[in-house]
There are 2 protein chains.
Amino acid sequence: MRHVAALAGVGIKTVSRVMNEEPGVSESTRQKVLLASKQLNYELDVTAGSLRRSSRRTQTVGLLLPSVSNPFSAEIHRAMEDALSLKGVAVFAASLDDEPEREESMVRAFLGRRVDGMVLTPIASNQAHVIPEHSRDLPVVFIDREPVGLKADAVVTDNAVGGAKAAQHLYEVGHRKIGYLGDRTDIQTARERRRGFIDALSELGISTASIPVRENLHDVESARLAAIEILTSENPPTALFSSQNLVTFGCMRALRELGLNHTVALVGFDDFTLSDMVDPGVTVIAQHPEKIGALAAERLMARIEGDAQPPKTYIVETTMIIRGSGEIPPAA
Amino acid sequence: MRHVAALAGVGIKTVSRVMNEEPGVSESTRQKVLLASKQLNYELDVTAGSLRRSSRRTQTVGLLLPSVSNPFSAEIHRAMEDALSLKGVAVFAASLDDEPEREESMVRAFLGRRVDGMVLTPIASNQAHVIPEHSRDLPVVFIDREPVGLKADAVVTDNAVGGAKAAQHLYEVGHRKIGYLGDRTDIQTARERRRGFIDALSELGISTASIPVRENLHDVESARLAAIEILTSENPPTALFSSQNLVTFGCMRALRELGLNHTVALVGFDDFTLSDMVDPGVTVIAQHPEKIGALAAERLMARIEGDAQPPKTYIVETTMIIRGSGEIPPAA
DNA sequence: TTGAAAGCGCTAACAC
DNA sequence: GTGTTAGCGCTTTCAA
C-alpha cells in the first residue's frame, strides 16, 4: 500500500480510501491510485485490514459438515457459497467424520482465523464447548440438528413430519404392515424420523408392537442384511421405510436379491441421484439442502450484521417424490 | 495476548513462545501461560501472526472447483482436506460454475486473503491472469486440466488412455461399430477422451469415418436425444461410449426407452453411485478423485515449503470397472 | 479532499 | 530463559 501511495504520489490513507471505495476522494486522485495499484498488481489485504477495523470483520465464515464429499452436505455448502460469495464472504469448509473431537478442534481452527461466524452440523452430544466463544457474541447457526446445551439459531429438516408422510402414503396405498429400517439411534434426526413414522402409523390405528423395526444400520451392507432378515421372517412386512440413503440402498439390494422389488413397496428418506433410473424408481421423502444452506447463510449474515432477536429454529419441510416403489400395493 | 501475559505475570513474547510451542521456555512459566490462556479462553490469531512472521504463511490455501457440490470435485476436496488439516492448513473452497470471469474474481478473493497457495481447476481458455501473482512465487497446482499460458504443476487423469481402454474393451467384446457421445469440445479433458478412444479404434483397424460421434452434449437431456438419434439411425452402433457422467445417464435413459439396455453395450467415463444398482450395471472407466486430491495437496505443500524443481504434470491412471453393460456382445 | 500518527495482534531481532 | 522494541499492512482518529 505504501508503494502504491508513493507511485501515485498520494498518502497511504488515500489509497485505503480508494481500495475500500470510501467516499471523499476526488475522481482524479482516484484514477491515479487505481492506475498505480494496477501497475503494481496490488491487492488489498483483507485480513490485515480487519485487525484495525472497528467491526473486526474478516469477511470469512467457517462451515463444519459431516463431510464435504457427502452429497447432502455438499449441496448445503454450495447454497451457502452462492449466498455468501455475493457479499464477498469466503468460506472455510471442514469435515467432521463422525469424530466428536474433531468438532472441537475444527471450531478452534476457525476461531484462530477469526471467522465472522460459523455454521455447524453438531455431532458431539453437547455443544457447550462453543459457549465461551459464543458469549463473545460470535454468531453461530446450527444445521441439520439442533444444538444441545446452548441456545442458537438452527435450520433443520422437518424429520418427524417427513417420517409421517412416508407412513401415511404407504398406508393409503393399502399397506398395514410396514417395516422400519433406521440409522444410529443416537442421531437426533434418525430418532425424529422414526418417531414421526411410528406415531403416524399409530394414529392410523396400527399397533406399534406389530411394526418391525431394525436400527443402528450405518452402511449399505448392514441395511441389506437387516432388510433380508425382515423380509424372510415369518410374517414379513409388505412395505419398507428406510430412514437414510445408505439404508435405502441396502433395502434396494435386498429387495432385488429376493426378487421382491416389484412386490414389496419402499419409501426412502432423502433423495438421491438416479433414483428414477433404478427399477422401480424409488419414491422418496426429499430433503431440501439448497434451502437449508440458503437459509443458514441468510441467518448467519443477519446475526453478523447485528440481528439480536432471540435464537430460533427454522424448519424446512420435506417433499414426497413419487417414482413407483412406494406405490406398489400389498400382495393379495 | 497482552492480557494473557499480564495474568500470567510474564512478557508478551513469552506468551507468543508458548502458544507457538517454541523452545526456550521453562516448564513452570509454560504452565503459567497455559493456565492464563485457558482462563481467558485465548486463541492465537493465526492471520495477525502471519503479518510479521518471516515466512508470511497464513496456513490457508484456496481451492477452486467446478462446483463444491459436484461429486467428483467434492471427493477431491475431501482428499485435500484430509491431507491439509493434518498440517493445520485450512481450505477456502469456491465454485466456478463454468463462468470464466468467476475464475479470475475467485482467485483475487483468495489472494486478498493471502493464501499460501492455490489449487485450481482451470476453465478459462488461458490462465495467464494468474501469472502476475505466480511470479510473486505463489504456489499453484492445477487439477483435472493442465493450465494454458503458464507453467505450473498439474495433476490430471489420464483421459486419453481412459478413452482407449473403453475402446479396446468394447472391441474385445466383439464390437466393431461403437458410437461416441461427448461433452463440450472446448473442454480439454473431453477432447482427450475422444482422442484416446478414436485413436485406439483406429489402431485396431476401424475406419475413423465409420465411428458415429455426437458432441457438445452438456446435460442428461441433450445426451439422451443424441443417443436416441444415433441408435435409431440407419446403421446403428452396437455399443456406446459416453465421455462423462451426465452423458452416461442420458445414454442409460435412451437405451432403456428403446428397450436396448440389454442389447447395446455401454461404457461410461467416470464412476458414479448406484452404477451397480441399475439394470444392467454400468461398466465404467473410473477416475480417482481421492488420488488427485491427495497428490495435489502434497505437491502444493511441497511448493509452499520451498520445493523449486521445474513444474511437472502428474498423471493419475484410470481403472476399468466391469459391471455388465460393457460386456454385452454385439447382436448377431 | 487529504494525510500524519497511533495502534490492531502478533513475531523478529536483539538485549538482558 | 525472558522481555523490550520495532514494525507487518492496514484502519482509525484527527488535524490540516
Side-chain angles (χ1 to χ4, degrees), chain A residues 1-34 36-37 40-60 88 108-116 133 136 138, chain B residues 1-34 36-37 40-60 88 108-116 133 136 138:
Chain A
M1 193 178 239
R2 276 207 329 271
H3 296 144
V4 174
L7 182 58
V10 299
I12 176 180
K13 174 69 233 202
T14 299
V15 177
S16 168
R17 274 191 265 257
V18 172
M19 300 312 287
N20 287 292
E21 300 181 14
E22 286 171 28
V25 182
S26 75
E27 187 53 29
S28 63
T29 40
R30 219 179 76 85
Q31 290 304 335
K32 274 192 295 185
V33 170
L34 253 26
S37 72
L40 296 177
N41 200 43
Y42 171 74
E43 192 78 42
L44 238 195
D45 185 328
V46 183
T47 45
S50 81
L51 220 47
R52 193 67 171 82
R53 185 177 282 112
S54 52
S55 76
R56 310 245 30 203
R57 283 179 54 181
T58 55
Q59 299 287 91
T60 300
R108 290 172 66 90
F110 289 155
L111 295 174
R113 285 179 175 78
R114 300 297 186 265
V115 295
D116 297 332
E133 314 303 337
R136 265 201 213 165
L138 185 73
Chain B
M1 193 179 240
R2 275 203 334 267
H3 296 144
V4 175
L7 182 59
V10 299
I12 176 180
K13 175 70 232 203
T14 299
V15 177
S16 169
R17 275 191 264 259
V18 173
M19 300 311 289
N20 288 291
E21 300 181 14
E22 286 172 27
V25 183
S26 75
E27 188 52 29
S28 63
T29 40
R30 217 179 77 85
Q31 290 304 335
K32 274 192 294 183
V33 170
L34 252 25
S37 71
L40 295 178
N41 200 43
Y42 171 74
E43 192 78 42
L44 238 195
D45 186 327
V46 183
T47 44
S50 82
L51 221 46
R52 194 65 171 83
R53 184 177 282 112
S54 50
S55 75
R56 308 248 29 204
R57 284 178 54 182
T58 55
Q59 299 286 92
T60 299
R108 291 173 65 89
F110 288 155
L111 296 175
R113 285 179 175 78
R114 300 298 186 264
V115 295
D116 297 333
E133 316 303 337
R136 265 203 214 165
L138 184 73

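Quick caveat: nothing in here was measured; it's all calculated off a predicted structure. Throughout, a chain's letter reflects where its sequence line sits, starting with A, and its residues are numbered from 1.
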Peer 1: Is the distance from OP1 or OP2 of C:dT1 to the nearest side-chain N or O of A:Thr14 less than 4.0 Å?
Peer 2: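 No, A:Thr14 has no side-chain N/O under 4.0 Å of OP1/OP2 on C:dT1.
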
Peer 1: Would you mind writing out the side-chain donor-acceptor pairs for residues 17-26 of chain A within the sub-3.5 Å range, not counting sequence neighbours?
Peer 2:
from, atom 1, to, atom 2, distance (Å)
A:Asn20, ND2, A:Ser16, O, 2.9
A:Ser26, OG, A:Ser28, OG, 3.3
A:Ser26, OG, A:Thr29, N, 3.3
A:Ser26, OG, A:Thr29, OG1, 2.7

Peer 1: Does A:Thr29 make a side-chain N or O approach to OP1 or OP2 of C:dT1 shorter than 4.0 Å?
Peer 2: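 False: A:Thr29 side-chain N/O out of range (4.0 Å or more) of C:dT1 OP1/OP2.
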
Peer 1: Quick one: on DNA chain D, does B:Gly9 or B:Arg52 contact a more 5' nucleotide (nearest heavy atom)?
Peer 2: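 By nearest-heavy-atom nucleotide position, the 5'-most residue is B:Gly9.
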
Peer 1: Considering just the side-chain nitrogens and oxygens of A:Ser26, establish if one lies under 4.0 Å of OP1 or OP2 belonging to C:dT2.
Peer 2: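 Answer is yes, contact under 4.0 Å.
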
Peer 1: Name the nucleic acid region contacted by A:Ser54, choosing base, sugar-phosphate or nothing; use a 4.0 angstrom heavy-atom cut-off, strictly under.
Peer 2: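 Sugar-phosphate contact only - A:Ser54 comes under 4.0 Å of backbone atoms but never of a base.
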
Peer 1: Could you tell me whether B:Gly24 contacts a base, only the sugar-phosphate backbone, or nothing, with contacts defined as non-hydrogen atoms closer than 4.0 Å?
Peer 2: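 It contacts base atoms.
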
Peer 1: Given that B:Ala48 and B:Val25 both sit by DNA chain D, which one's nearest nucleotide is further toward the 5' end?
Peer 2: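 In this pair, the answer is B:Val25.
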
Peer 1: Please find the pair of heavy atoms, one from A:Val33 and one from A:Ala8, that lie closest to each other, and give the distance.
Peer 2: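 Looking at all heavy atoms of both residues, the shortest contact is CA-CB, 4.0 Å.
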
Peer 1: Which pair of heavy atoms, one from A:Val15 and one from A:Val4, lies closest together, and at what distance?
Peer 2: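 Nearest pair, atom of A:Val15 first, then A:Val4: CG1-CG1, 4.0 Å.
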
Peer 1: Is there a donor N/O on one and an acceptor N/O on the other, under 3.5 Å, for the side chain of A:Arg17 and the base of C:dG3?
Peer 2: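 Yes.
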
Peer 1: Does A:Arg114 place a side-chain N or O at less than 4.0 Å from the phosphate oxygens OP1/OP2 of C:dG9?
Peer 2: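 For C:dG9, neither OP1 nor OP2 has a side-chain N or O of A:Arg114 closer than 4.0 Å.
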
Peer 1: Between B:Ser16 and C:dT11, does any side-chain N or O lie under 4.0 Å from OP1 or OP2?
Peer 2: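 The answer is yes; a side-chain N or O of B:Ser16 sits under 4.0 Å from OP1 or OP2.
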
Peer 1: Closest to the B:Val10 side chain: D:dG9, D:dT13, D:dG3?
Peer 2: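 So the nucleotide nearest the side chain must be D:dG3.
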
Peer 1: Starting at the 5' end of DNA chain C and moving along, which residue's nearest nucleotide shows up first, B:Glu22 or B:Leu51?
Peer 2: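 Result of the comparison: B:Leu51.
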
Peer 1: Using the salt bridge (charged side-chain N to carboxylate O under 4.0 Å, His left out) criterion, which residues pair with B:Arg57? Sequence neighbours excluded.
Peer 2: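 B:Arg57 satisfies salt bridge (charged side-chain N to carboxylate O under 4.0 Å, His left out) with B:Asp116 once adjacent residues are dropped.
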
